[in-house]
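Here's the structure, in structure tokens; my notes come after.
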Amino acid sequence: MSNTTESDSAQLGLQLAREWPAVFVMGLITLGLGLVVISWPQETLTVISILIGLQILIYGIYRLVAAFAEDTVSPGFTGFVGVVGIIAGVVVLRHPFQTVAVLAAILGAVWIIGGAIEFIGAIADSKREHRGMAAFGGLLSIAAGVIVVVWPAPTVTVIAWVAGLYLIIFGLFICFSAFQLRKLTK
């Protein structure tokens, strides 16, 4: 029974290895995407913001239409959510990069609050293991949050660069893996 299973696994592995060109193309696409993000971080963030704006707008339209359905439990509230979604979607589409900065500022506020909770929890709980590390992590989160709140646009650009660098490294890894798969087919 185990010889059949090993044989089936080996056969499946060989079939997957034969797909190395597809893996290589995926690596090139990932690498290319990383280069685009690093080359044009502001534009990349704007495109992402526009996609988010479109999603919010479509959601708002969907909720507004759903408000008129017969089986809607709360048509007034559903319609209100739809109208708010439509307005928010239009605002995001009219000001895409400012939206990214606002989202970054919200993220910074979350980091500040979360860091404060972590720091206070570490100080207050005398039985907690690694209190010093938890307190340090809380302070680090607060500091990062303050930086993001004070400078949201540059911070978002740095985050885009980090994401682009990650995509480049990951794309190179995928390409390398494709060549490793190619060796298995020989």
Side-chain angles (χ1 to χ4, degrees), residues 16 19 22-121 134 137-138 140-171 173-174 177:
L16 291 174
E19 299 300 324
V23 174
F24 182 70
V25 168
M26 186 62 186
L28 289 178
I29 290 170
T30 304
L31 176 67
L33 184 59
L35 291 171
V36 167
V37 171
I38 282 185
S39 299
W40 300 291
Q42 301 292 336
E43 292 80 359
T44 301
L45 293 169
T46 301
V47 168
I48 290 170
S49 185
I50 289 170
L51 292 174
I52 291 170
L54 286 171
Q55 191 274 336
I56 294 169
L57 179 66
I58 291 167
Y59 175 77
I61 292 169
Y62 170 77
R63 296 310 296 171
L64 187 61
V65 169
F68 295 101
E70 287 184 29
D71 60 347
T72 301
V73 175
S74 179
F77 182 72
T78 303
F80 175 74
V81 169
V83 169
V84 169
I86 291 169
I87 292 169
V90 169
V91 168
V92 169
L93 290 172
R94 292 205 58 207
H95 308 285
F97 193 73
Q98 290 82 359
T99 301
V100 171
V102 168
L103 291 173
I106 291 169
L107 175 65
V110 168
W111 284 353
I112 291 169
I113 294 166
I117 291 169
E118 183 69 25
F119 179 76
I120 292 168
L140 193 61
S141 179
I142 292 168
V146 168
I147 290 169
V148 172
V149 168
V150 173
W151 298 296
T155 305
V156 170
T157 302
V158 169
I159 291 170
W161 286 336
V162 170
L165 183 61
Y166 167 79
L167 288 169
I168 289 170
I169 293 169
F170 190 55
F173 175 77
I174 293 171
S177 297

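On a predicted model such as this, the values are computed, not experimentally measured, just so you know. No hydrogens, no waters, no symmetry mates; every other heavy atom, side chains included, goes into these values.
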Next item on the list: Check the pair Leu57 / Ile86 against side-chain contact (heavy atoms from CB on, under 4.5 Å), numbers first and verdict last.
Entry: CA-CA 5 Å; Leu57 179 66; Ile86 291 169; 3.9 Å; yes
Item checked: Pairing residues for Phe119 by the ring-ring contact (aromatic ring centres under 6.0 Å, His included) criterion, not counting sequence neighbours -> none
Side-chain donor/acceptor pairs under 3.5 Å, residues 142-160, sequence neighbours excluded:
residue, atom, partner, partner atom, Å
Thr155, OG1, Trp151, O, 2.6
Thr157, OG1, Gln42, NE2, 2.5
Thr157, OG1, Ala153, O, 3.1

Notebook entry, point to check: Got a second to check how far Leu35's CG is from Leu165's CG, nearest 0.5 Å?
Noted result: 10.0 Å
Check: Which residues satisfy the ring-ring contact (aromatic ring centres under 6.0 Å, His included) test with Tyr59, sequence neighbours excluded?
Finding: none
When the side chains of residues 91-118 are checked against the rest of the protein, which donor-acceptor pairs come out under 3.5 Å, sequence neighbours left out?
residue, atom, partner, partner atom, Å
Thr99, OG1, His95, O, 2.8
Glu118, OE2, Arg128, NH2, 2.5

Notebook entry, point to check: If you measure from CG on Leu31 to CD1 on Ile169, what distance do you get to the nearest 0.5 Å?
Noted result: 10.5 Å
Note to self: Going by the rule ring-ring contact (aromatic ring centres under 6.0 Å, His included), which residues pair with Tyr166 if we only count those two or more places apart in sequence or in a different chain?
What the structure shows: Phe170
Note to self: For a quick test of reading the model, state the closest non-hydrogen atom pair linking Thr44 to Val36 and the distance between them.
What the structure shows: OG1-O, 3.9 Å
Margin query: Run the side chain to side chain contact (heavy atoms under 4.5 Å, CB included) test against Val84 and tell me which residues pass, sequence neighbours left out.
Written below: Phe80
Next item on the list: Enter the distance from Thr30:OG1 to Ile174:CD1 here, rounded to the nearest 0.5 Å.
Entry: 4.0 Å
Note to self: Which heavy atom of Ala88 sits nearest to which heavy atom of Ile56, and what is that distance?
What the structure shows: CB-CG2, 3.9 Å
Notebook entry, point to check: Checking Thr78 side chain against Ser74 main chain: does a donor-acceptor pair fall under 3.5 Å?
Noted result: yes
